[in-house]
Amino acid sequence: SSASGSARPAIATPFKVGLVTDIGGLNDHGFNHLSYEGLLQAESQLHVKGTVLQSSSGADYLPNLTKLAAAGNNLVIAVGFLMATPLETVAKQYPKVHFAIIDSPGGTAPDTAPNIEGIDFAEQEAGYPAGYLTGLYLKAHKYTTASSVGGQSIPPVNLYIAGFQAGVRKADPSAKLLNAYSQNFTDESSCKELALNQIQAGSKVVFQVAGGCGLGVISAGVSTKTQVIGVDADQNYLAPSLVLTSAEKMVNTGVFTAAKDLMGGKFSSNLQENLSNGGVGIGTIDAAGAPFKAQVNAVIAQIKAGKIKPPTTLLVSK
Amino acid sequence: MTLLEDELEGHPLGGEEESDQAALRSPARLTAFRRGSGAITVPVLTTVIAFLAGGLIVLASGHDPVSTYTSIFTGTGLNWLFPWIGGAARATAAGNLQQTLLQATPLILVGLAVAFAFRAGMFNIGGQGQYTVGGIVAVWIGSSFAGMSPVLHIAFAIVAAGLAGAAWAGIAGVLKAVTGANEVISTIMLNWIAIWLGVYCFQLGGPLQNPKMPQTPVSSNVVAGAKLPVFWGSAQLQGLDVGIFIAFALAVVFAILIKRTRFGYEARAVGFNPEAARYAGMNVGRTWVRVMLVCGAFAGVAASLDILGWKFNLYTNDIQVSQVGFYGIAVALLGRNSASGTVAAAVLFGALLTGTSDRNIHLSIDPTLVQYLTFMIEGIIIMLVATDVITLRLLKGGRRIAVALRSRPAKAARPSGHGAS
Amino acid sequence: MSVGSLTVAPPRTASPRSCGIAGVVLGALAWVITLPPIELRGMLASIVLAAIAAALGVVAVRGGQRKLGVETIIVALLAVAGAAASAKSSLATVESVFTWSALAAATLRYATPLLFGALGGVVSESGGVINVGLEGMMLMGCFWGVYGADLLGWWGWGLLVAMLAGGLLALVHGVLSIHLRANQIVSGMGVNFLALGITGYFLEYHYGPNGTPLNISQVPNVRLPLIQHVGFFGAAIGDANLLTWVGLALVPALTFFLFRMKWGLRLRSVGEKPRAADTVGLPVLRIRYTAVVVSGMLAALGGAYLSVGFVGSFSNDMTNGRGFISLAAMIFGKWRPWGALWACLLFGFGNAMSDRVSSVNPTLGTLFEALPYVLTLVAVAGLVGRSRPPESDGIPYERE
Amino acid sequence: MTGSAPPILELKGITKKFGSVVANDRVDFDVAAGEVHALLGENGAGKSTLMSVLYGLYTPDEGEILVDGRPVEIHSPRTAIDAGIGMVHQHFMLVRVMTVAENIVLGQEPSRWGRLDLKAARARVHELSDRYGLAVDPDARIEDITVGAEQRVEILKALYRNARILVLDEPTAVLTAQEVRELTGVLNRLKRDGAAIVFISHKLREVLDVADRITVLRRGKRVASVPRAGATEQSLARLVVGRDVVLSAAKRHGTPAEPLLAVADLHVGDERRLEKVSGVSLTVRSGEIVAIAGVDGNGQRELVDAITGMRAPASGRVRVDGREIAGQGVRAATEAGIAHIAEDRHLRGLVLPFTLAENLALREYRSPQCSARGWMRLAHLRERAGRLLSEFDVRGGGPDSYAAALSGGNQQKVAVAREIASNPKVLVAHQPTRGLDVGAIEFVHGRLIEERDKGRAILLVSLEYEEVRALADRILVIYEGRIVGEFSPDVSEEELGMAMTGGQVSRSEAVV
Ligand SMILES: Nc1ncnc2c1ncn2[C@@H]1O[C@H](COP(=O)(O)OP(=O)(O)OP(=O)(O)O)[C@@H](O)[C@H]1O
Ligand SMILES: Nc1ncnc2c1ncn2[C@@H]1O[C@H](COP(=O)(O)OP(=O)(O)OP(=O)(O)O)[C@@H](O)[C@H]1O
Ligand SMILES: [Mg+2]
Ligand SMILES: [Mg+2]
């Protein structure tokens with residue numbers, strides 16, 4: 001569906017944007033936090049009036065969304081696919097309000113109500129160049145194995161890993177790939193344990209796709225002097241000489257863009273964030289990866305040009 | 001309600017000083033002795049004191065406790081009970097009260113699951129696991145059998161969830177009865193096993209995962225016919241469903257079971273003194289098993305009311321982060337393991353959860369801090385409940401607090417003839 | 001009823017009990033021979049061994065050792081399943097899962113925080129105070145350990161601050177349950193909530209959205225220069241955390257303390273029969289306070305291992321139920337340090353295994369996450385006899 | 001002997017209240033060196049309370065304590081110990097899982113750098129036990145030794161702490177005649193060494209045996225203080241209860257009829273599967289009281305448990321009126337007509353936090369009168385309890401009072417009432433008067449004989465020679481799990497004692 005026909009908001013009343021976090025809360029080292037940053041950015045640059053509600057359990061989703069919708073927000077953003085069902089319910093009750101959802105589940109949510117916009121990210125397009133860099137690094141050092149630690153087997157995680165694996169194999173077709181899930185996004189020690197396992201099994205680059213839990217992967221990298229790859233944000237600052245690079249997903253940009261677009265009268269069923277529009281990308285490349293910068297940039301250009309289409313399914317699931 | 005009240009009637013003894021028998025160690029015994037001391041006043045006063053103490057924390061954190069508490073209170077929706085609240089405020093209050101009661105519903109039942117075990121001398125930490133298993137079954141049945149008549153479908157789902165919870169708790173009961181396995185260990189383990197079972201069922205590619213949403217680790221949705229009717233508030237926007245009446249009814253069942261039935265008599269005897277129960281010809285092991293079955297059934301039904309009432313599906317994530325069992329222990333203890341107490345405590349916790357939810361409190365306090373304040377207030381409430389002596393002694397004009405705090409050094413300082421000799 | 005068998009002296013040879021134990025060993029062997037380094041590929045040997053084990057189990061049941069016998073049969077069945085699983089998997093897979101040295105190292109890592117918690121529980125409950133608040137005390141250790149290490153710049157200070165915080169929370173539990181004679185379970189639960197609130201609040205307050213800094217000073221690993229390169233041992237214990245060693249050392253130390261020293265005698269007397277202790281002039285309440293506070297400090301060290309020792313940062317509710325597992329391990333270990341150690345190791349092993357097995361098959365992987373819990377359940381149901389807590393555990397002491 | 005010696009210990013005007021209960025009401029009491037001063041009184045008269053005040057466990061509301069003529073402030077057992085006071089409590093203060101030596105030295109352990117010096121502890125224990133003839137095994141765990149030995153350990157504990165004033169609260173309640181004699185010897189030795197001894201007992205004969213002076217408490221007040229000379233059991237009983245007491249139940253001979261309980265070749269193991277009962281056979285007939293006499297720990301507990309269904313025997317038969325019940329559990333035994341007055345009312349006999357109505361239903365709660373189709377008939381239970389409480393003269397509470405709130409004697413009456421009210425064919429009475437005062441004993445004995453005369457078969461298990469002789473129609477002596485002799489009630493104490501300790505048995509004595 002396209003923009004709702006309603007007139008642009010009067011100048012006098014500020015444009016209001018509400019944000020509902022999932023139970024991860026604002027300090028999840030992940031997308032809730034990044035969404036909030038996007039909102040802050042919108043507040044300072046677009047002068048919108050932002051409101052955030054955190055959910056402390058699943059029972060809060062619907063009341064929180066309802067509250068923001070009823071409070072006259074122009075745009076209500078639900079952070080995370082967990083809110084898909086309640087969002088659909090609320091959106092139908094408030095057909096005049098615009099809603100958006102980060103990481104809509106497989107693009108299904110937007111189809112359920114015309115006033116929902118899915119903010120989707122092509123994570124595989126960030127994972128691919130990170131993987132490609134990894135492959136180059138492996139080959140240069142005659143290393144055999146790279147690995148990934150996911151939080152849970154869900155699309156946003158698997159897309160990253162799918163791109164990563166394809167990227168590694170592109171650069172080093174003989175590379176061995178490992179993958180494991182910690183089954184959570186919070187317990188750093190469980191991710192560290194998995195990473196240590198993989199490192200012990202020969203992995204020389206570990207890609208973390210597990211939010212806060214993934215910090216444990218970086219910790220494992222630090223204690224074994226192994227290269228790791230950050231996720232979602234540029235995590236190079238955490239261990240500047242060991243974070244090979246980061247696969248970034250600008251959730252903040254997504255939130256900002258959605259607000260900006262709606263202010264400009266633009267609203268669609270899907271807001272696609274990808275490498276071309278800067279919605280995903282890779283972060284700082286450390287010293288170990290520096291020699292391969294040019295090659296990685298070339299691959300990025302190819303993806304942008306559509307010459308390479310990173311896959312969305314995993315090559316190796318274990 | 002005389003039934004519930006007589007269950008709460010006072011016990012003449014303040015506490016047992018020491019015992020020669022292992023039997024007296026049972027938590028049931030401990031709580032029974034505490035149960036008598038002022039059925040209504042003490043919990044109420046305890047709550048008040050806890051809030052005051054919480055207010056100090058709020059103050060210490062640099063916020064205004066009065067406005068914080070005002071917003072918490074309006075957030076609970078309890079102001080709906082004030083006739084002078086009208087108009088929009090009344091509508092908001094109604095909405096909040098619905099959420100409070102919706103939260104209270106499973107807490108009542110999981111609280112009863114813990115309380116019943118306590119009454120029989122067992123510590124059921126497994127409410128969470130029993131709730132989880134009940135939820136899995138409820139959502140499975142609720143999302144299948146689309147053509148079934150609603151009443152039947154709902155009853156089927158609730159009963160099946162109850163049975164699933166019962167079976168899960170029964171494992172701990174049987175292990176205790178047959179092999180002597182300590183139920184604290186087995187119920188903790190069963191909690192985690194239930195969680196992973198649930199995650200397995202609804203994960204991508206899991207056996208019960210929603211086939212229409214292959215990219216989401218979630219169950220199928222409960223069909224329209226299996227949803228519990230909402231009788232207050234919007235049926236779409238999570239109004240209050242009839243589940244709460246089922247919870248109330250089961251609380252009455254609990255009270256009757258405990259006080260009026262042979263099973264309850266046996267359960268209490270076993271709880272207070274297993275050896276005496278054996279002496280009376282009771283089969284202690286079988287009683288343990290049966291008690292656990294009942295506990296599990298309560299917790300299982302709790303989950304089904306959530307699923308059929310407002311959740312309608314289960315994400316793996318819901319299963320992993322649910323805290324219902326944790327709260328259930330607190331609720332049971334706050335309610336002193338009686339039916340009416342548990343109901344009251346569940347409503348209190350429900351109110352606390354909604355009242356302190358971000359949407360109700362965030363204007364008066366830094367939103368990133370509020371949930372932690374909630375935990376602290378909850379902790380203080382629970383601790384004060386544990387020491388109703390404080391409240392009791394305040395009630396008695398502080399006379400006895402001096403006794404409790406009487407310290408030996410102070411007395412030793414007094415001159416003593418012997419010391420001089 | 002076995003008629004008359006008891007009237008003569010109990011038969012010493014091949015008692016049902018020894019049959020049962022032999023059965024358990026044989027059953028375990030049936031599985032172990034399919035694993036590295038033996039790696040028998042056919043199932044025949046395993047099936048034969050398991051069958052003998054099961055038969056021994058039946059003998060044990062017949063002989064009155066019902067529980068042990070049933071356990072033996074369960075072990076035999078599990079062994080066949082395990083052997084079948086090994087046989088079906090490729091050798092490479094089996095070897096990747098059963099890298100014993102790495103498994104041992106991971107087991108120790110998982111067991112360490114639990115061990116501290118469980119030992120804390122042993123101390124507190126030996127003195128007669130049930131400590132359901134271990135979870136909260138551990139969590140305090142997690143956060144304040146990081147805070148201390150960050151603020152004061154050295155992990156040692158971090159541990160100290162952690163112990164102070166854990167001890168302080170334990171003191172709250174102590175005042176409630178000792179002086180005010182609270183129901184100790186309730187008080188412990190309250191303490192858990194409080195810790196959740198306090199740590200979350202101060203995390204937010206001090207560190208805000210970025211969380212704790214990642215460059216804090218961490219408890220170092222102990223590199224054993226001689227052992228480090230010696231095959232199995234090198235990988236298993238050549239590079240373990242200092243706190244792991246401290247925890248392991250605490251087990252015999254605490255055993256010695258409890259059973260060989262006068263303070264241990266006093267502590268246990270207070271937990272068993274406070275009135276008896278009182279009547280010989282021991283300060284019951286003071287001893288209980290000390291026990292509870294020390295227990296909080298130990299639990300906090302366990303928490304600090306997680307944060308300052310292992311991952312080097314703190315996140316909300318980081319203990320994630322480990323305190324309760326410690327509690328279970330303590331009960332499982334029959335309120336004794338060595339017992340607690342075995343329980344923690346078993347649990348840690350389950351965890352380590354689950355990590356490796358779950359990587360093999362991602363769909364079934366989630367089920368394998370339950371492995372440590374299932375292992376514990378099976379073990380507690382079978383191998384451990386009825387355990388008896390200190391007689392006055394959980395009963396507040398008052399004179400009149 | 002030494003009425004003239006100055007008192008080592010003096011209690012003056014002690015008052016102690018528990019809420020509204022005045023447990024001690026301006027009580028005066030003193031004891032001199034080398035003297036045994038007995039303290040008598042009904043259950044709940046305030047004896048233990050007074051001694052707890054002395055030992056620093058309770059703080060008196062009024063009054064003062066003088067040791068060696070000087071006032072002392074005793075506010076904890078520590079100060080009491082320092083003042084030279086030692087106490088053997090009514091309920092033993094021993095840690096069951098620890099050894100004898102550990103219990104004795106607890107709190108004043110010989111040690112090197114904190115490490116227990118068990119060798120030194122053992123040596124000290126040996127030295128003391130040799131001096132006073134208190135034989136104990138320092139390395140045995142308390143849970144493995146007999147009550148008599150526990151008693152000795154308690155005395156050793158006090159001596160180890162150099163007590164000059166020794167308080168013994170009902171030390172003989174659980175001892176056999178033999179052990180009582182040993183204890184008397186020990187007390188005499190202590191007396192000779194100049195100790196002052198306070199001796200509390202309900203057994204008047206013992207009191208007359210050991211005491212130099214006797215003080216009687218009633219309802220918290222001191223009612224009399226008399227020298228031993230001139231005191232008789234009758235006169236003391238009158239002082240204690242305030243009326244005349246029938247000390248030895250006036251018993252006609254029973255008229256035994258058909259056998260109701262038949263035990264044949266019973267073998268029973270204990271918790272550790274060690275055989276404790278080895279081939280016991282016995283018969284109890286309607287209208288007959290058969291007593292099992294023996295030193296504690298000779299298999300009585302296991303025998304009673306096997307007969308009442310609490311424990312499955314390894315082999316053998318138990319028949320109640322022809323119905324086999326061995327190994328079938330308590331319910332089968334109850335249904336066959338067995339009732340069981342338990343040895344320990346707190347451990348088994350009562351559920352203390354239950355009301356009296358609930359406690360009184362424990363034996364029969366499954367009967368149609370008490371519960372129907374799974375529902376308890378609460379009104380009936382309450383009504384029935386009211387009847388039983390008045391019939392058995394239980395004082396201190398009604399049907400809705402909690403059992404925990406009654407005094408020990410009244411608690412025992414509740415347990416007795418319940419078992420008798422279940423209208424059993426066979427009544428197994430295990431230590432039915434343990435810890436009861438003379439008045440209560442009189443009552444329980446009277447009831448047992450009454451029930452016998454109604455045609456019940458009564459199996460009495462008792463450690464007390466007098467009780468056995470007063471009640472039994474036949475006496476079976478149990479020793480190391482076997483019945484080693486059968487005697488008529490007029491058997492001499494010496495002979496019975498000999499049999500009970502495994503001496504020569506002359507079967508010829510047996511009355512069939
Ligand atoms: N801790 C207590 N709290 C309240 N009342 C008590 C307490 N201890 C004793 N009493 C009451 O004080 C009175 C005296 O009890 P005490 O134990 O001294 O009796 P006793 O003479 O030792 O009896 P017995 O012969 O049964 O041992 C009783 O009425 C009892 O109920
Ligand atoms: N905390 C208490 N509050 C009220 N009454 C109590 C309390 N503790 C003990 N009592 C009562 O005090 C009395 C004396 O207690 P004690 O332990 O001396 O038992 P007793 O009467 O000697 O009985 P027994 O013969 O079983 O030892 C009993 O009636 C008991 O119920
Ligand atoms: Mg894991
Ligand atoms: Mg007494």
Side-chain angles (χ1 to χ4, degrees), chain A residues 18 20-27 33 36 51-71 80-86 88-90 92-94 103-109 112 151-159 181 183-187 312 317, chain B residues 88 91-92 95-96 98-99 102-103 105-106 195-196 199-200 203-206 210 212-218 221 234-239 306 309-324 327 350 353-354 356-363 367-368 370-372 374-375:
Chain A
V20 178
T21 77
D22 77 1
I23 48 183
L26 285 178
N27 301 330
H33 179 63
Y36 184 51
T51 313
V52 193
L53 292 185
Q54 302 184 88
S55 308
S56 51
S57 79
D60 280 338
Y61 294 151
L62 202 139
N64 281 350
L65 291 168
T66 310
K67 169 138 188 169
L68 290 183
F81 69 92
L82 293 174
M83 259 175 281
T85 321
E88 177 191 340
T89 313
V90 177
K92 282 179 178 154
Q93 296 294 309
Y94 292 89
D103 283 345
S104 71
T108 49
T112 54
Q152 215 186 353
S153 176
I154 49 173
V157 169
N158 283 340
L159 290 175
Y181 300 98
Q183 302 301 348
N184 73 80
F185 289 91
T186 50
D187 183 1
T312 53
S317 64
Chain B
T92 312
N96 285 332
Q98 289 155 19
Q99 296 314 309
L102 214 53
Q103 297 256 19
T105 304
I195 287 172
W196 291 117
V199 172
Y200 169 73
Q203 70 182 348
L204 298 192
N210 189 337
K212 291 194 201 109
M213 299 170 79
Q215 303 290 346
T216 314
V218 67
N221 284 322
S234 155
Q236 280 74 45
L237 296 179
Q238 214 166 295
D306 277 354
W310 59 271
K311 259 188 181 158
F312 308 133
N313 58 24
L314 260 184
Y315 283 86
T316 53
N317 181 280
D318 289 334
I319 292 173
Q320 285 177 287
V321 303
S322 168
Q323 297 267 40
V324 171
Y327 281 109
L353 290 173
T354 29
T356 56
S357 74
D358 209 359
R359 65 185 170 278
N360 291 318
I361 198 179
H362 80 282
L363 292 178
T368 50
V370 70
Q371 74 183 99
Y372 309 118
T374 313
F375 281 133

So, B/Asn313 versus A/Thr85: side-chain donor-acceptor pair below 3.5 Å or not?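 Yes, because at least one side-chain N or O of B/Asn313 sits under 3.5 Å from a partner of the opposite role on A/Thr85.
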Pairing donors with acceptors under 3.5 angstrom, does anything connect the side chains of A/Gln152 and B/Thr316?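 Their side chains do contain a donor-acceptor pair, which is all the 3.5 Å distance test asks for.
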Separation of [Y] [atom2] from [X] [atom1] (nearest 0.5 Å):
X: A/Phe185; Y: B/Asn317; atom1: CZ; atom2: CG; value: 8.5 Å
X: A/Lys67; Y: B/Asn96; atom1: NZ; atom2: CG; value: 7.0 Å
X: B/Arg359; Y: A/Ser56; atom1: CZ; atom2: OG; value: 8.0 Å
X: A/Asn158; Y: B/Leu204; atom1: CG; atom2: CG; value: 7.0 Å
X: A/Ser57; Y: B/Leu353; atom1: OG; atom2: CG; value: 7.0 Å

Stepwise, does the side chain to side chain contact (heavy atoms under 4.5 Å, CB included) test hold for B/Gln320 with A/Gln183? CA-CA 9 Å; B/Gln320 285 177 287; A/Gln183 302 301 348; 4.3 Å; yes
Name the option with the most non-hydrogen atom pairs under 4.5 Å to chain B; the candidates are A/Asp60, A/Thr89, A/Leu65.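 Highest number of pairs under 4.5 Å: A/Asp60.
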I'd like to verify something: which residue of A/Ser153, A/Ala71, A/Pro86 has the highest number of heavy-atom pairs under 4.5 Å with chain B?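 If we count pairs closer than 4.5 Å to chain B, A/Ser153 comes out on top.
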Taking all non-hydrogen atoms of both residues, which atom of B/Pro217 and which atom of A/Ile154 are closest, and how far apart?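 Heavy atoms of B/Pro217 and A/Ile154 come nearest at CG-CG2, 3.3 Å.
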Which of B/Gln98, B/Gln236, B/Gln203 touches chain A most, by non-hydrogen pairs under 4.5 Å: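 Option with the greatest count: B/Gln236.
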So do the side chains of A/Leu53 and B/Ser357 get within less than 4.5 Å of each other, counting heavy atoms only?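 Not in contact.
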Would you say B/Gln215 and A/Phe81 make side-chain contact, with heavy atoms under 4.5 Å?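 Of all side-chain heavy-atom pairs linking A/Phe81 with B/Gln215, none is under 4.5 Å.
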Just to verify, what does B/Leu102 make a side chain to side chain contact (heavy atoms under 4.5 Å, CB included) with, not counting sequence neighbours?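 By the side chain to side chain contact (heavy atoms under 4.5 Å, CB included) rule, B/Leu102 matches B/Gln99, B/Gln238, B/Leu240, B/Asp241, B/Trp310.
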Below 4.5 Å from any heavy atom of chain B, which atoms of A/Leu62 appear? Answer side chain, backbone, both or neither.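 Its backbone and side chain both get close to chain B.
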